[in-house]
K.L.:
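The structure follows.
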Amino acid sequence: MRKFYEGVSVPSKTVVVVGHGMVGHRFVQELRERDVTDQWRIVVVCEEAAPAYDRVGLSSYVNSWDPAALALDGNTYPGDPLVNLLTGRRVARVNRVARTAVLDDDSSIVFDALVLATGSYPFVPPVAGSDSGNCFVYRTLDDLDQIRARAESAPDGAKAVVVGGGLLGLEAANALKLLGLAPHVVEFAPRLMPLQVDEGGGALLANLVEGLGVAVHTGVGTSAIEQHDDGMMTVTLSDESTIDDAALLVFSAGVRPRDQLARDADLAVGERGGVLVDDGCRTDDPDIYAIGEVAAVNGRCYGLVAPGYHTAEVVADRLLGGHSEFPGADLSTKLKLLGVDVASFGDAMGATEGALEVVFNDPVAGTYAKVVVSDDAKTLLGGVLVGDATQYALLKPMVGGPVPGDPAALIAPAAGEGVGISALPDGAEICSCNGVSKGDICGAIAHGAQDVSAVKTCTKAGTTCGGCIPSITRLLADSGVEISKSLCEHFSQSRSELFEIVQATGIRTFSDLVARHGTGAGCEICKPTVASILASTSSDHILAGEQAALQDTNDHFLANIQKNGTYSVVPRMPGGEVTPDQLIVIGQVAKDFGLYTKVTGGQRIDLFGARVEELPQIWRRLVEAGMESGQAYGKSLRTVKSCVGSTWCRYGVQDSVGMAVDLERRYRGLRSPHKIKFGVSGCARECAEARGKDVGVIATEHGWNLYVGGNGGQSPAHAQLLASGIDDQTLIAYIDRYLMFYIRTADRLQRTAPWIAGLEGGLDHLKAVVCDDSLGIAAELESAMAEHVAGYKDEWAGVLDDEEKLSRFVSFVNAPAEPDPTIEFSEGAGRKVPVLLGTPQPGAARRRTEESDDESRR
C-alpha cells in the first residue's frame, strides 16, 4: 500500500466504511491501490475489538486461540494516514440530510460517500428456552471464546447440540469435538448441507460425519430447550425425541443481513432483507453503497466471500469515476469439514431443464461424485463431490464448456488421466475467490512470474482460500517453467538426490562428495546442508574431522550465538521433566557464571550470556548432573512438549508425559532438513498445542491420534491428521517412517508443512507411504531410525572427551587464555542484558544462514 508523503494535498473527500470484515477490508485495499491521486480519505468503523480477520477460517481459532493467527494482512493500515481505523466503535445511525455517520458516543463523521459493509448476523429460531445462558451463536471470535469458556467448565465428554447442519453448523460441531465434547447436529432438512450437496452426497456425508463421532439428526427441528439447575440442558426435537444432559447449544441455522442501519435511514431493502443495490452496488441514495452479505444486488444477497470481494471492487471503481458492474456470483464451494472433503459447483442440483446426472457412489471407499451435463451430454453444468474433491480444481473451471468425451470419465476412479487443465479455455476461472482466469495466470507467467508466490503477487490468485494453488502449479509446469532443483552453484543435484548419493556410495566427507559429484570448493549453502546429510546418515560426532569446518556458528560451538557474541546453553529436559537435583545444578551454574535464565516455550531452561571459552566448563557440570545437550542449536529435534497427562490431570486419558519422554529420548539428536518439534497432549483439550508441531500426538480413549506438518514461525500451519486411534507401537512405527521419509526427500531448510504440501498427492500420498507402505520402504525407514537410536551419543560429552575438539573453544586463536574484552552486560528492568557496541562481535564471523526460533534468536 502506498504511503502518504509530505507535499501531497489532503484529500477533499471522505468515505466512511461501516464494518471491517473481510469484504470491508478488501474495499479499503482496493480503493487505496486504485486511488493513485489520493482523492479519498477513508474512515473505517469496526464494531469488534479485533480488526479484519479471516472469518472463513474461524474454526481454526480453536486450534490456537490466537486472534493474531486469523488477522488479515495489513488490517491496521500501518504507515497510511489516509486510512483511519476505529475499532470497538459502532455507527448508531446515518443522517442522510446532514451526510453524517453518528457513532455510539454521539460523535459524527461527515461523509461524501458511505459504504455499508455490516455483513450478517446469526439467525436464532424462535425456540422456547433459546435465551438460556448456555445457548450460543457461532459467528465471531468473541462467540468462540464464550463457547470455549462453557466447554471448559462442562463435564468431560458432555454432549453439545448444534442446531443447523450446513457449512457453519458442521464447523461448529468440529470445534465442539476439539473442545472435548460429544456433538449432536440437528438439521431440519432431510440431509446435511442441503444447499451444497444432493441427496446421495448428503447420505454419504452423514455416514462419514457419524463415523467421526458426531451424532446426526436430519429431518427434524428443535422444539424446546430446557435448562436444569446443574447447568445441563434437555433439547427436545420435533419428533418428540430428546437429547439429554447437553452442556451447551450452538445455533447455526443460517444468517440474516445486518440491514437495520439502512432501514433506520429509510433506504430500500429487499423482500428477504438486505440493502437493495443496483449492479453498481449503489443504494437508492446515490452517495451510499452496500457491499458483501448486507448487499441485495438486484434483490439477492450472497453469503460467500468471492461475490463479496466483487462488490468491494465495484464500489472502489465507482468512487473513482469508473463504471464497473457486479459480474454475478459463482456459488461453487470446496470445503473440508471434520476432515471430509465436500465440493459443489455450477448447477449442482440438476435444476436445468433436461439436465442429465452421472453418479459414482462408493460407500466402501467413502466417496461420492456426480456431474450434471446438458441433455445432449456435451456441456458440463455442475457437480457434487464428497469424500474426495481432488477433481474440483479441474471440473469447476469447465462449467459451461464442452465435455471432453465421456462425462463419466470426469469422475471415474481414473478421472483426470486424459483431461488436463491445459484443455481449459483462457477465460476459465481458476480462482473464484478473486475472479482470476486461466488467461490471467498464464499472462503473469509469460511476463516473468516463475513460481506460485510470484503468480499470487501478480494476480491475487491463491491468496484467499488457497484451493486453486494446485491448478496454478500445473499451469506453471504446462507453461514450461523450470524451477531449478540445484542445491547451489556447486551441486546440480537437489538435497534429496545428494542424500541418496551419500547413502548409496558411503561417502563420509564433503571434500570427497564435491570432488566426485560437484564442482568448486563449496559455499555457505551446500556445506551446512551436506554436514546435515552426513549427520543424518551416521552417528559420527558433528565436530569430527572435516565435519567441524562445514558447520555454521551454532553447530560449530554446539550452542546458540546471541547479539553480543555470547552463547546460550539449553540442556535437554525430555517431556519438560527435570529433577530437583538437576534444577539445583542449573541454578548454581547460572549463578557461578553470571548467566541469565529463562524458561522457553519448549518447556526447557535457557542459560544466556556464556562466553565461548566457558561453554565446556558449563557443559561438564551439567553432564555430571545427568543432563545432555538439548540440541537447540541444530536442525534437529528440539523439544517434545507435553501436558501433565493422565498421571495428574482429571481430564487426561493417556500418559502424555511418559509418551513425550519416550519420543524425545528416541529422536534426540536426529539431524534433519529443518528443526523438528513435537507435542503430546493427554486429551482433546490440547494443552500441549500438539497441532502446531511437526509431530503432534493427542490422546483419546481409543489410543493416540497422530498429526503431522504443524509449523510455527513466519508461516504457521496447523498439523493434519495422519492416523487415529493407534496404539503405542504403531504410533512409534509411523513416526519413524514419517521422519525418515521427510529427512530423505525434503529440500534444504524446508519445514514439514511445505514439504507435505509439495508432495505429489500431498497428505494422501504421505498416508499411503507411512501407513500403508505403498512404496514398500517401511522396513527400510524403520531400520534407518533404529540405527540412529542405537548410535546416539551426547554431543556435549563428545567434546569433553576430546582434547582436539576442546581446543576450538577460545575467544582468540592467538591468545586462547584471554576472554573477549568487548563483551559487556548491564542490568535492565531487573534482568541481565547484553551491551551492544555497534561493532562486529567476536565469534560471529561465521554468519548463520538459517532461520532461528524462540530458543536461538535472542
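Source: prediction; values computed, not measured. Residue numbers run from 1 in the order of the sequence given.
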K.L.:
Tell me yes or no: between the side chains of D278 and N298, is some donor less than 3.5 Å from an acceptor?
P.N.:
no
K.L.:
Answer with yes or no whether the side chains of Q146 and D142 bring together a donor and an acceptor at under 3.5 Å.
P.N.:
no
K.L.:
Could you walk me through whether Y289 and R282 pass side-chain hydrogen bond (donor to acceptor under 3.5 Å, both in side chains), step by step?
P.N.:
CA-CA 4 Å; Y289 300 80; R282 177 176 280 169; 2.6 Å; yes
K.L.:
Closest approach of A290 and A295, non-hydrogen atoms and distance?
P.N.:
O-CB, 3.4 Å
K.L.:
With the side chain counted from C-beta on, respond yes when V44 and I42 share a heavy-atom pair under 4.5 Å apart, and no when they do not.
P.N.:
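SC-SC contact between V44 and I42 confirmed.
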K.L.:
Count the heavy atoms belonging to other residues, nucleotides or ligands that lie under 6.0 Å from CZ of R89, then report whether that count exceeds 12.
P.N.:
yes
K.L.:
Can you tell me if E293 and S120 form a side-chain donor-acceptor pair at under 3.5 Å?
P.N.:
yes
K.L.:
Given the ring of Y309, does R26 sit roughly above its face, with NZ or CZ under 6.0 Å from the centre of the six-membered ring and within 45° of the axis?
P.N.:
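That pair qualifies as a cation-pi contact.
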K.L.:
Salt bridge check, D694 against K677: does any charged N sit closer than 4.0 Å to a carboxylate O?
P.N.:
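Answer for the salt bridge query: no.
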K.L.:
Is a donor from one side chain sitting under 3.5 angstrom from an acceptor on the other, for Y596 and D606?
P.N.:
no
K.L.:
Could you check whether R318 pairs with E313 (Lys NZ or Arg NE/NH1/NH2 to Asp/Glu carboxylate O, under 4.0 Å)?
P.N.:
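Looking at R318 and E313, the cut-off is not met.
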K.L.:
Between H25 and Y77, is the side-chain hydrogen bond (donor to acceptor under 3.5 Å, both in side chains) condition met? List the steps.
P.N.:
CA-CA 10 Å; H25 178 53; Y77 316 107; 2.7 Å; yes
K.L.:
Looking at D105, I'd like to know if its CG atom is crowded, meaning that more than 12 non-hydrogen atoms belonging to other residues, nucleotides or ligands lie closer than 6.0 Å.
P.N.:
yes
K.L.:
Any salt bridge linking D38 with R32? Criterion: basic side-chain nitrogen under 4.0 Å from a carboxylate oxygen.
P.N.:
yes
K.L.:
Return the minimal non-hydrogen interatomic distance between L114 and A101, and the atom names on each side.
P.N.:
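So the two residues come closest at CD1-CB, 4.4 Å.
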K.L.:
Go through the side-chain N and O atoms of T752 and N711 and say whether any donor and acceptor fall under 3.5 Å apart.
P.N.:
yes
K.L.:
Considering only NZ, NE, NH1 and NH2 on the basic side and carboxylate oxygens on the acidic side, decide whether R691 and E686 come within less than 4.0 Å.
P.N.:
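No, this pair does not count.
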K.L.:
So which atom in H323 and which in D317 form the shortest heavy-atom distance, rounded to 0.1 Å?
P.N.:
N-OD2, 3.1 Å
K.L.:
Centre of F111's six-membered ring, under 6.0 Å away, within 45 degrees of the axis: is that where NZ or CZ of R99 sits?
P.N.:
no
K.L.:
Quick one: do R139 and E48 make a salt bridge, cutoff under 4.0 Å?
P.N.:
no
